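Heads up: the structure comes next, in structure tokens.
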Amino acid sequence: MPVKDHKQFKPLSLVDQVSQQIQEDILTHQLAIGDRLPTEPKLMARFNVGRSTVREAMKVLVNLGLIEVKQGKGTTIINDALPDQTISSTLKNAPVIEAYEARKALEVGIVDLACHNRNATDLKAMNYYLEIRSAAAKLHSLDAYRHADEQFHEAITEATHNSVITDIYTDFWNSFKDRFGAGFTKTELYHEQSIIHQNILEAIKQQDPHQAVYWIEKNITLLEQTVND
């Protein structure tokens with residue numbers, strides 16, 4: 001049965017119908033930044049769909065950068081405008097080597113600046129996410145591992161204390177992980193990547209941009225190899 005709502009939808013999948021309706025609510029400011037979305041049961045009732053459809057719709061909105069889902073805290077509106085789609089379309093069609101070169105160029109500059117601008121709070125956040133990442137790896141909890149890994153790299157970006165860089169990287173990263181995200185959680189990389197990430201953190205802690213850049217490049221090269229294999 002089609003989604004229940006006052007609007008008439010084009011013949012789209014249920015996931016697309018739900019995500020597009022909520023997206024419209026956000027973009028037209030019926031929902032504001034900081035507002036929480038209704039609970040899963042309420043969304044299921046509103047749209048007359050199952051739990052899996054609601055969850056997939058939430059993933060679409062997360063990838064668009066419109067909402068943030070936190071376990072135990074619900075789903076919050078974090079943006080009321082869509083990101084520039086130029087990066088998304090370019091990354092989608094770019095050769096693998098160019099996509100990874102772009103990531104390397106961005107993250108090298110980010111980690112260099114983070115070495116100079118990081119503070120104690122930044123270091124604490126990075127260390128915390130690495131601990132969560134390590135625990136998730138031992139439990140083979142792929143979703144938790146991926147989320148903690150993303151949070152670690154976000155913490156590095158935040159440590160630049162440059163809002164322009166943060167916004168640019170967020171747009172890039174959302175598009176990059178849509179295409180290459182499956183390779184981020186290959187279990188055979190757990191051990192080697194754990195060492196690399198600890199070394200990245202240590203270099204930032206010691207404010208050593210040379211070492212930080214070395215380990216960032218090593219991490220990206222390792223991931224790129226798994227795509228090309």
Side-chain angles (χ1 to χ4, degrees), residues 2-7 9-10 12-92 103 106 110 125 128-129 132-133 136 141-158 160 162-182 184-185:
V3 172
K4 269 189 177 180
D5 205 5
H6 63 284
K7 295 198 177 287
F9 290 97
K10 296 178 181 179
L12 301 171
S13 71
L14 290 176
V15 171
D16 286 340
Q17 291 181 40
V18 173
S19 63
Q20 287 189 14
Q21 178 60 67
I22 298 174
Q23 176 182 314
E24 182 178 341
D25 291 345
I26 295 171
L27 298 182
T28 58
H29 306 293
Q30 297 178 53
L31 293 169
I33 294 175
D35 285 351
R36 290 187 180 180
L37 286 182
T39 62
E40 277 188 357
K42 289 183 178 180
L43 289 173
M44 290 163 60
R46 174 188 174 187
F47 294 110
N48 193 28
V49 296
R51 188 179 303 274
S52 62
T53 297
V54 170
R55 290 184 175 178
E56 288 302 312
M58 293 303 102
K59 290 181 182 179
V60 172
L61 296 170
V62 167
N63 288 335
L64 287 172
L66 295 174
I67 66 171
E68 180 179 53
V69 180
K70 287 189 176 181
Q71 189 172 5
K73 294 185 177 181
T75 303
T76 306
I77 312 299
I78 60 172
N79 204 345
D80 58 6
L82 291 173
D84 185 348
Q85 296 299 307
T86 303
I87 293 178
S88 178
S89 59
T90 301
L91 265 176
K92 183 177 181 179
R103 179 181 175 183
L106 283 171
I110 287 169
Y128 171 76
Y129 292 125
I132 298 298
R133 185 180 184 278
S141 177
L142 298 185
D143 286 343
Y145 176 85
R146 177 184 292 158
H147 183 66
D149 184 74
E150 289 181 12
Q151 294 289 90
F152 173 72
H153 288 281
E154 281 183 23
I156 294 176
T157 306
E158 292 291 340
T160 65
N162 185 307
S163 60
V164 176
I165 290 174
T166 299
D167 286 349
I168 290 172
Y169 186 73
T170 298
D171 286 350
F172 174 86
W173 178 251
N174 286 334
S175 300
F176 189 89
K177 72 178 180 181
D178 283 347
R179 180 175 177 186
F180 300 107
F184 299 165
T185 53

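Small disclaimer: the values here were computed from a predicted structure and weren't measured.
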Counting only N and O atoms by type, is there a donor-acceptor contact under 3.5 Å from the side chain of Asp149 to the main-chain atoms of Tyr145?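 Judged by distance alone, no pair lies under 3.5 Å.
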Walk me through it: do His29 and Asp80 pass the test side chain to side chain contact (heavy atoms under 4.5 Å, CB included)? CA-CA 7 Å; His29 306 293; Asp80 58 6; 3.2 Å; yes
Find the distance between [atom1] ([X]) and [atom2] ([Y]) and round it off to the nearest 0.5 Å.
{"X": "His147", "Y": "Glu150", "atom1": "NE2", "atom2": "CD", "value": "7.5 Å"}
{"X": "Glu56", "Y": "Ser19", "atom1": "CD", "atom2": "OG", "value": "10.5 Å"}
{"X": "Phe172", "Y": "Ile165", "atom1": "CZ", "atom2": "CD1", "value": "14.0 Å"}
{"X": "Glu68", "Y": "Ile77", "atom1": "CD", "atom2": "CD1", "value": "11.0 Å"}
{"X": "Ile132", "Y": "Gln151", "atom1": "CD1", "atom2": "CD", "value": "10.5 Å"}
{"X": "Asp167", "Y": "Asn162", "atom1": "CG", "atom2": "CG", "value": "9.0 Å"}

message: Pair Val18, Val49 - check side chain to side chain contact (heavy atoms under 4.5 Å, CB included), show working.
response: CA-CA 9 Å; Val18 173; Val49 296; 4.3 Å; yes
inquiry  = Leu31 vs Ile26, test: side chain to side chain contact (heavy atoms under 4.5 Å, CB included). Steps then yes/no.
reply    = CA-CA 5 Å; Leu31 293 169; Ile26 295 171; 4.1 Å; yes
Looking at every heavy atom in both [X] and [Y], which two are closest together, and how far apart are they?
{"X": "Leu43", "Y": "Pro38", "answer": "CD1-O, 3.6 Å"}
{"X": "Tyr169", "Y": "Thr157", "answer": "CD2-OG1, 3.5 Å"}
{"X": "Ile67", "Y": "Met58", "answer": "CD1-O, 3.6 Å"}

**Request:** Go through the steps for Ile156 and Tyr129 under the test side chain to side chain contact (heavy atoms under 4.5 Å, CB included), then give the verdict.
**Result:** CA-CA 11 Å; Ile156 294 176; Tyr129 292 125; over 6 Å; no
- Task: Determine whether Asn63 and Lys177 make a side-chain contact, defined as any pair of heavy atoms from C-beta on separated by less than 4.5 Å.
- Result: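 Sidechains of Lys177 and Asn63: in contact.
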side-chain contact (heavy atoms from CB on, under 4.5 Å) against Leu27, all qualifying residues, sequence neighbours excluded
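Once residues adjacent in sequence are excluded, the partners of Leu27 under the side-chain contact (heavy atoms from CB on, under 4.5 Å) criterion are Gln23, Leu66, Leu82.
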For His153, the side chain to side chain donor-acceptor pair (under 3.5 Å) test, sequence neighbours excluded, returns His197
Hits for side chain to side chain donor-acceptor pair (under 3.5 Å) against Lys42, two or more places apart or cross-chain, chain-then-number order -> none
| message | Could you walk me through whether Asp25 and Arg46 satisfy the salt bridge (charged side-chain N to carboxylate O under 4.0 Å, His left out) test, starting with their C-alpha distance in whole Å, then the side-chain angles of each, then the deciding distance to 0.1 Å, before giving a yes or no? | response | CA-CA 14 Å; Asp25 291 345; Arg46 174 188 174 187; 3.3 Å; yes
